[in-house]
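Proteins get letters first, then strands, A, B, ... in listed order; numbering begins at 1 in each. Heavy atoms only: backbone and side chains are in, while hydrogens, waters and symmetry mates are out.
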Amino acid sequence: DAKTTQPPSMDCAEGRAANLPCNHSTISGNEYVYWYRQIHSQGPQYIIHGLKNNETNEMASLIITEDRKSSTLILPHATLRDTAVYYCIVRVMDSSYKLIFGSGTRLLVRP
Amino acid sequence: NAGVTQTPKFQVLKTGQSMTLQCAQDMNHNSMYWYRQDPGMGLRLIYYSASEGTTDKGEVPNGYNVSRLNKREFSLRLESAAPSQTSVYFCASSLDRGQPQHFGDGTRLSIL
């Protein structure tokens with residue numbers, strides 16, 4: 001699975017969009033980009049995943065650059081409950097079972 | 001719809017005691033997993049079950065055993081607990097290999 005790089009921390013104001021970047025310059029053609037988050041003391045929560053097209057669901061949007069070397073997770077209207085550590089994971093869809101969580105980005109949403 | 005349910009939520013054991021952590025999912029998923037998370041670290045896979053009737057070792061299986069009781073339930077057993085097994089244990093499930101994994105809220109286990 002390709003290596004990912006994320007900033008260690010970010011903050012944004014409540015109600016504003018939170019844009020979390022992820023670099024995955026060594027991504028292979030068959031690797032997907034997954035995003036999870038972990039709110040303090042809870043289990044990780046799946047957010048969204050994509051291959052090369054932009055994706056949107058009820059939680060967030062995922063923007064993947066055309067060369068697929070980086071992506072951005074967008075929380076359109078961040079709330080205090082979105083304060084969490086966000087993990088970008090790159091893996092082949094039918095690869096090994098384990099998820100490799102890096103150090104992630106700690107997002108703080110300010111009132 | 002409960003998702004993934006883990007019991008107990010908290011447990012304190014003495015060194016050498018045994019216990020079983022329970023996990024059940026109601027999403028009709030085929031694959032289930034057990035992870036541990038130590039302070040300041042990412043999750044590490046202990047065991048997984050690709051489908052009912054199969055189990056396989058992950059990256060840190062020593063000291064643990066698992067049972068896939070049926071499609072819904074996947075238990076993790078510590079036969080002789082050691083202080084190094086103090087951790088937060090998460091169970092997860094996914095529809096199939098590679099599909100997004102859905103996690104329970106964890107079992108916080110302390111071994112004295």
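Under the side chain to side chain contact (heavy atoms under 4.5 Å, CB included) rule, B:T86 has a single partner from B:I111, B:V12, B:D38, which is B:I111.
The shortest non-hydrogen separation linking B:S94 to B:D96 is OG-O, 3.0 Å. Taking all atoms of both residues into account, the shortest heavy-atom contact from A:I27 to A:V33 is CD1-CG2, 3.9 Å. Of all non-hydrogen atoms in B:Q6 and B:Y89, the two that sit nearest each other are NE2-O, 2.9 Å.
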Self-check item: Derivation and outcome, salt bridge (charged side-chain N to carboxylate O under 4.0 Å, His left out), residues A:D11 and A:R106
Solution: CA-CA 8 Å; A:D11 67 75; A:R106 187 172 299 275; over 6 Å; no
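With ring centers used as reference points, A:F101 lies under 6.0 Å from A:Y87. Taking the six-membered ring for Trp and the full ring otherwise, the centers of B:Y35 and B:F103 sit less than 6.0 Å from each other.
The contact between B:S31 and chain A is made entirely by side chain atoms (from C-beta outward), counting heavy-atom distances below 4.5 Å. For chain A, the nearby part of B:R108 is the side chain; its heavy atoms alone come within less than 4.5 Å. For a residue to count as touching a neighbouring chain, one of its non-hydrogen atoms must lie under 4.5 Å from one of that chain's; by this rule A:S41 touches chain B with backbone and side chain alike.
Under 3.5 Å, the side chains of A:R37 and A:Q45 contain a donor-acceptor pair of N or O atoms.
Interface residues of residues 47-67 of chain B toward chain A, defined by a heavy-atom distance below 4.5 Å and sorted by number: B:Y48, B:A50, B:E59.
The most heavy-atom pairs under 4.5 Å with chain A, out of B:L43, B:V4, B:V88, come from B:L43.
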